[in-house]
Amino acid sequence: MTDEEYFNDEEFREMLDDYERTVADGQLVFMDVDDLADIAEYYQLHERYDDAQRAIDRAIELQPDSIIALNYKAHEAIGNGDYQAAKDYLERMDDKQAPEYIYSRAEIMMAQGMTDEADQYLLDCVKDLPRDEYQDYVIDIANLWTEYGNSEKGMEWMLRAHPEETEDFKELMARTYFGIGAYDDSERLFNELLDKNPFQKRYWNALASTQYMKEDYSGAITSSEYAIAIDPDDPDALLAKANALNSLSNNEEAIKYYDRYLAKIPDDEFALLNAGSCLVNVGKYEEAIVKLQKAEELAATDSQYLADIYQELAFAYSELHKPETALFYIDKTLSMDCNQNEMLVIRGHILLSNNFNDEAEQSYKQAISQSGYDPHIILRAAISIYDNQYVTTAYSMLTQLLDTVSDDWNRGYSYMALCCHDLGRHKEYLHYLEEACRRNPEEAKGALGFLFPEGMAPSDYYQYELNRLNT
């Protein structure tokens, strides 16, 4: 039973009601210490931190050496980065062989980045375990490593366990596979779990995440829709569907699901960034700026999303014909750890779209030369120039680029096809269309899909156009 299921259980709800009535009446609480620890966990989960402290402090008053209560306080200290306090709570435990003591001591090392020390300590503890406790122990350690973002270690410990057909074992194995990037294996196991329990929304959400990482965005949408059918307000499912729709450039629908998600989780900077980006893509620039500025306010100075937030704000202000403000946001990225050549391309885009043609040309040239004539930068510049409707210039750049790249290069053919289409070069258009669909169907769908009937697969684009142009 998960924490969510336990906290919704009738027996727990009755216990919680009794506790809250006692507190409201101003009476001293006398309850089982383990129950008080569960109540504290419930309050913690619902961000009622003062109530959580009151419950766990009462548990320690009732039983100062309670392993459960002391373990709660140790975890709290680890979360606050106060590792000495966490150690002090553990030292107050009488039983140093208790699983709670062992796991929490290892967690302190994990939280401090002492990976080898933690792993060796846990391996040493295996030697003293009774045989009938071995399986549970290694599975718990695998779960611990996975929760701390070290799925490689998690898999090492899972492989020490005896394989089980239980749901818990399969789910942990599936999540561990996900963590190490073995998405096919993860997807297979989540599908097996859903065959037996099709109404478990967390399995659908996990399957959607796996499919998203495999770039199976249609599959991710379908899986998230099953989770939404089970719980229409589930944030994870709403975000999964929004992200998958976004990846398919279905901006209008993605915005709806980002808005539903943000109504539940309003301070998610990544969701605000993506919602803002979608709004930019559909031309709702003022709405985009509201979302993006909130994301900027929430972002820490070292946020991995900050450069992207500035970039999208720059695009929005550029489209509103406020180039000074747009360039202000691009300038904010100068001291950041991001691809400065890409930022120069964006600077060129802003300048060109606001008719500063000479300055734009200098920015594009600087990006290309500074990058060592990186084909990715040349391609980005050509796409930017095409988007600004300088089709002949983009065609010339792409011609030179595609003549010099290696045989396994698979990007840019769709944009070359677009240039040929717009310039009426029908023979070249068909050639590059065929190449684009063969080499990079995803790019072809994103760049050329608007030219074809909705839902048509890129593999059918060439024959469709061949038939159209020959009639």
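Quick note: residue numbers are just sequence positions, from 1.
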Test item: [X] and [Y] side chains (from C-beta on) under 4.5 Å apart, heavy atoms:
X	Y	result
Pro323	Leu351	no
Phe328	Glu324	no
Leu272	Asp268	no
Leu122	Trp157	yes
Glu164	Gln135	yes
Ile346	Gln311	yes
Leu189	Glu192	yes
Asn71	His75	yes

Do we see a donor-acceptor contact under 3.5 Å between the side chains of [X] and [Y]?
X	Y	answer
Asn354	Ser318	yes
His349	Asn388	yes
Asn143	Glu147	yes
Ser186	Thr210	yes

Contacts of [X] that satisfy ring-ring contact (aromatic ring centres under 6.0 Å, His included) - sequence neighbours left out:
X	result
Tyr413	none
His46	Tyr42
Tyr183	Phe178
Tyr386	none

Ion pair check, [X] and [Y], cut-off under 4.0 Å:
X	Y	value
Glu296	Lys332	yes
Arg188	Asp185	yes
Arg202	Asp236	no
Glu225	Lys241	yes
Glu442	Lys445	no
Asp234	Lys264	no
Arg438	Glu435	yes
Arg175	Glu171	yes

Distance from [X] atom [atom1] to [Y] atom [atom2], nearest 0.5 Å?
X	Y	atom1	atom2	result
Met416	Leu418	CE	CG	11.0 Å
Tyr72	Ser104	OH	OG	13.0 Å
Glu312	Cys278	CD	SG	9.0 Å
Ile330	Ile350	CD1	CD1	4.5 Å
Met173	Ile139	CE	CD1	9.0 Å
Leu292	Ile309	CG	CD1	7.5 Å

Is [X] reaching over with its side chain to a backbone N or O of [Y], donor-acceptor style, under 3.5 angstrom?
X	Y	result
Lys294	Pro266	yes
Asn197	Leu193	no
Thr404	Leu401	yes
Ser209	Asn205	yes
Gln44	Ala52	no

For a quick test of reading the model, state the closest non-hydrogen atom pair linking [X] to [Y] and the distance between them.
X	Y	answer
Ala240	Ala208	CB-CB, 4.2 Å
Tyr329	Tyr317	CE1-CE1, 3.6 Å
Ser223	Leu207	OG-CD2, 3.4 Å
Lys153	Thr115	CE-CG2, 4.1 Å
Cys338	Thr333	SG-O, 3.8 Å
Tyr364	Ser384	OH-OG, 2.6 Å

With sequence neighbours left out, what residues match Gln463 under side-chain contact (heavy atoms from CB on, under 4.5 Å)?
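For Gln463, the residues satisfying side-chain contact (heavy atoms from CB on, under 4.5 Å) (neighbours in sequence not counted) are Leu466, Asn467.
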With sequence neighbours left out, the residues meeting salt bridge (Lys or Arg N to Asp or Glu O under 4.0 Å) with Asp82 are none
Run the salt bridge (Lys or Arg N to Asp or Glu O under 4.0 Å) test against Asp136 and tell me which residues pass, sequence neighbours left out.
none
By side-chain hydrogen bond (donor to acceptor under 3.5 Å, both in side chains) - contacts of Glu252 (at least two apart):
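So Glu252 forms no side-chain hydrogen bond (donor to acceptor under 3.5 Å, both in side chains) with any residue.
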Per the ring-ring contact (aromatic ring centres under 6.0 Å, His included) rule, what does the pair list look like for [range], sequence neighbours excluded?
range	value
residues 227-251	none
residues 366-385	His376-Trp409
residues 199-225	Trp204-Tyr226, Tyr212-Tyr217

Which word best sums up how the rings of Tyr137 and Tyr103 line up, parallel for under 30°, tilted for 30 to 60°, or perpendicular for over 60°?
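If you compare the ring of Tyr137 with that of Tyr103, the planes turn out tilted.
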Selection residues 405-419 - residue pairs positive for salt bridge (Lys or Arg N to Asp or Glu O under 4.0 Å), sequence neighbours left out:
none
Evaluate Ile221 against Asn250 for side chain to side chain contact (heavy atoms under 4.5 Å, CB included), listing each step before the verdict.
CA-CA 12 Å; Ile221 289 170; Asn250 192 340; over 6 Å; no
side-chain hydrogen bond (donor to acceptor under 3.5 Å, both in side chains) assessment of Tyr461 paired with Glu434:
CA-CA 8 Å; Tyr461 288 179; Glu434 185 175 29; over 6 Å; no
Evaluate side-chain hydrogen bond (donor to acceptor under 3.5 Å, both in side chains) for Asn246 paired with Tyr257, printing each intermediate quantity in order.
CA-CA 10 Å; Asn246 186 11; Tyr257 283 91; over 6 Å; no
Is the NZ or CZ atom of Arg425 both under 6.0 Å from the centre of the six-membered ring of Tyr395 and within 45° of that ring's axis?
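Yes, cation above the ring, under 6.0 Å and within 45°.
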